[in-house]
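Worth knowing before you read on, the calculation uses all heavy atoms, side chains too, and leaves out hydrogens, waters and symmetry mates. First listed ligand is number 1; within each ligand, the first listed atom is number 1.
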Amino acid sequence: MYKAAEEKEFFKDSKHFLNNQPIASSYDRLIEVLNYHEWKYAVMNDPVISDFEYDQLFDALKNIEAANPLLIRPDSPTQRIASDLNPDFPSVAHLTPMLSLGNSYNADDLFDFDKQIKKLSGTDEDVIYNIEPKFDGGSIAVVYENDLLVKSATRGNGVEGEDITPNAKTLKSIPLKAAFSKFGIVKAELRGEAIIPLALFKKVNETREAEGLKVFANPRNAATGGLRTKDANETSNRGIEVFMFQLSYAEDKDGNNVLSNFKNHSDHLDMLRQLGFKVPKEGQKVAKNIKAVAKFVSDFESKRDSLDYEIDGMVIKVNDLKVQEAIGATQHHPRWAIAYKFKAKQATTSLVDVEYQIGKVGSITPVAKVEPVFLAGVTISSISLHNEDFINQKDLRIGDKVLVERAGDVIPYIVKSFPELRTGKEKKIKFPKYCPRDHGEQSELIQLEGEAAWRCPICQFGRDNIQKIIFHVSKAGMDIDGFGKSNVERFYDLGWVQDISDVYNLPYQKMQQLDGFGEKSALKIQKSVEKAKYNSLQKLLASLSIHHLGKKASKLIAEQINHAYELKDWTAEDFTNIKDIGPVVAENVKAWFAFPGNFEMLQRMEERGVDFSQKEEDKPKEVILDAPLSGKSILFTGSLQTLKRKEAQEIAEANGAKNISAVSKKLDILVVGEKAGSKLTKAQALGTVKIMTEQEFIDLLELEF
Ligand code: IVH
């Protein structure tokens with residue numbers, strides 16, 4: 001959308017604004033600059049300034065507009081009704097608008113906020129505040145009716161959100177049932193933040209990497225994306241937890257608003273905690289006045305790194321609910337609350353050198369070597385520069401002073417360089433034309449259409465790639481027990497394995513002689529390798545390190561073929577004809593099979609005994625369309641006389657039914673054997689469940705015994 005030269009200008013002007021340097025037509029330009037950064041952040045997923053700097057620019061714009069309201073342009077970012085509505089999800093109206101928060105950055109801002117509160121509520125007395133962490137994740141709203149979770153939504157545009165109820169129902173920190181009725185509430189709406197604990201985030205990314213999926217830049221992206229995935233299982237797999245921080249709506253049986261039946265916001269939190277919700281605990285405090293708030297938030301900032309999840313500040317809320325109600329809200333944020341934003345974790349250092357790392361799929365990642373710098377508890381000496389565009393856009397040079405930040409508070413990130421501090425000795429960074437790895441020949445780097453990364457074709461497709469062998473033998477690959485990374489490295493150094501096919505051609509006699517090896521361990525590896533030769537086709541495909549081809553796509557492809565070689569003749573369309581296989585996977589698999597070196601490697605594997613044929617577990621489970629039980633949910637109870645329970649369930653599934661485990665309104669059919677107990681009684685009471693005997697089930701499906 002923007003030309004490279006324009007982007008450079010935007011970046012330069014951002015710095016002018018941040019440094020308060022005069023600039024022509026500053027209001028208009030500031031709008032353009034902010035619009036550019038919003039695009040970089042939200043559309044390109046590639047911000048060139050930190051969140052902190054963005055907030056500063058946004059505040060500068062707000063200040064200009066506050067002083068000159070007549071100036072305000074309709075395309076000013078301040079006029080944007082923040083919206084991340086996705087048309088793929090049905091929308092749902094919030095019971096009350098989901099607002100944002102005003103920001104503060106230091107004690108003075110907090111004292112100003114307190115003055116304003118006192119003015120609005122007409123008091124000189126100390127105001128009591130509730131403090132909570134400001135969780136860095138994705139907003140979520142949940143609605144309960146008659147104690148049952150009935151709806152969940154994202155923030156959306158604040159008035160309407162996306163209906164993500166099925167996804168929210170997979171999250172264990174959101175109770176499906178909560179006894180609001182005990183407090184006289186029949187309908188309640190809560191607000192909270194979905195986050196991923198750091199330890200789980202690490203695991204999620206490790207698994208994604210092993211499956212050939214793109215890793216998430218930070219826990220916030222993974223959490224917000226996880227809430228909005230079309231696949232509720234994916235939501236459940238991401239380790240998302242939800243902290244509830246607000247009771248935003250409460251209605252009694254007569255339809256009265258009963259929010260202020262409680263005195264304080266902290267009482268709401270206590271109630272939610274009592275009802276089984278996850279509610280802020282560490283960092284939550286009721287403070288007797290703004291001075292106590294200022295001390296607490298500044299003390300808590302130093303504990304930020306010891307938490308198991310990301311927070312980017314604290315939220316300060318007037319505790320008294322009546323005062324909250326009296327003060328009200330602007331269109332954008334409540335007047336009774338403010339965010340206290342922590343300092344971004346930034347430091348300056350020098351860029352000493354750039355090294356180039358080669359990834360599993362042959363992509364070349366430039367990595368900045370910087371003068372070691374201590375940043376928010378960690379010493380940083382290496383920082384990824386992502387790709388060549390990133391270097392050019394930031395105009396980085398070796399010898400530059402650079403501003404470093406732990407973006408998303410985990411991954412270090414170069415925010416910018418300081419050209420004004422250059423001495424003239426700095427050197428331009430020359431991105432290599434050839435692969436930095438010694439292949440015995442020069443391997444010219446290639447750039448695929450639409451990708452920023454440069455790749456080495458030999459590393460991607462050719463021999464000589466130890467990472468691929470390590471992945472191939474790993475659990476996520478062919479699961480060759482007892483092999484492991486260190487053995488791959490050792491055998492690689494000995495020249496025994498140069499590519500995946502050599503895994504099936506090991507000199508076991510020689511292996512027995514190795515230090516630390518004996519007959520037993522060599523035999524163990526041999527046995528595991530022999531076993532792996534008969535692995536399913538889906539496992540084999542997923543173990544080849546084909547870019548973007550993970551476990552799921554491998555399964556979908558394996559279902560369609562009888563032998564791996566068939567893929568050599570597949571067109572991109574043959575791949576995309578499979579539901580859930582997109583053009584990126586299609587192109588990558590096609591390119592992989594088209595590369596002669598790869599096919600030769602497969603042939604060597606086959607010669608060495610690897611079976612490329614489709615196995616039983618690759619075959620798609622047969623679903624009979626228009627089957628008698630199509631779309632029905634079914635449950636077997638009591639002791640069956642003719643069929644075994646498992647067998648009955650499999651037959652039901654093959655005839656289109658879904659086995660479920662409990663009696664509820666969702667159940668369509670209950671098949672009862674002898675001595676059926678409470679499940680039968682419950683189903684009878686519901687009156688909506690079709691109840692049939694085992695014989696009726698057998699007759700219905702015309703089974704023969
Ligand atoms: S209160 C009407 N409390 O921050 C009250 N928000 O910038 C508005 N957030 O969209 C929100 N932790 O998703 C509140 N303890 C907390 C929070 C919190 C994180 C998020 C929330 C909101 C955003 C506002």
Aromatic ring pairing Phe296/Phe300, orientation class (parallel under 30°, perpendicular over 60°, tilted between): parallel
Distance-only donor-acceptor check, side chains Asp231 and Thr229, under 3.5 Å: no
Pair Thr96, Arg191: side-chain N/O donor-acceptor within cut-off below 3.5 Å: yes
Lys317, portion touching ligand 1 at heavy-atom distance under 4.0 Å: side chain
Pair Asn130-Ser266, side-chain hydrogen bond (donor to acceptor under 3.5 Å, both in side chains): steps then yes or no: CA-CA 7 Å; Asn130 181 81; Ser266 53; 4.7 Å; no
Residue-ligand contact Ala339/ligand 1, heavy atom below 4.0 Å: no
Any Pro334 heavy atom less than 4.0 Å from ligand 1: yes
Verdict with supporting geometry, Tyr144 and Phe277, ring pair (Phe, Tyr, Trp, His ring centres under 6.0 Å): CA-CA 13 Å; Tyr144 285 79; Phe277 291 92; 5.5 Å; yes
Val315, Leu99, Asp312, Ile316: member with heavy atom nearest to atom 8 (C) of ligand 1: Leu99
Contacting atoms of ligand 1, where contact means under 4.0 angstrom from a heavy atom of Glu132: 3 (N), 15 (N), 16 (C)
Closest to atom 22 (C) of ligand 1 among Gly192, Pro97, Ser139 (heavy-atom distance): Ser139
Ion pair check, Arg73 and Asp28, cut-off under 4.0 Å: yes
Ligand 1-proximal atoms of Leu101, by part, heavy-atom distance under 4.0 Å: both
CD1 on Ile327 to CD on Gln116, rounded to 0.5 Å: 9.0 Å
Where ligand 1 meets Pro133 - atom numbers and elements under 4.0 angstrom, heavy-atom basis: 12 (N), 15 (N), 16 (C)
Which residue and heavy atom of the protein sit nearest atom 21 (C) of ligand 1, plus the separation: Glu193 OE1, 3.3 Å
Region of Phe135 engaging ligand 1 - heavy atom pairs below 4.0 Å: both
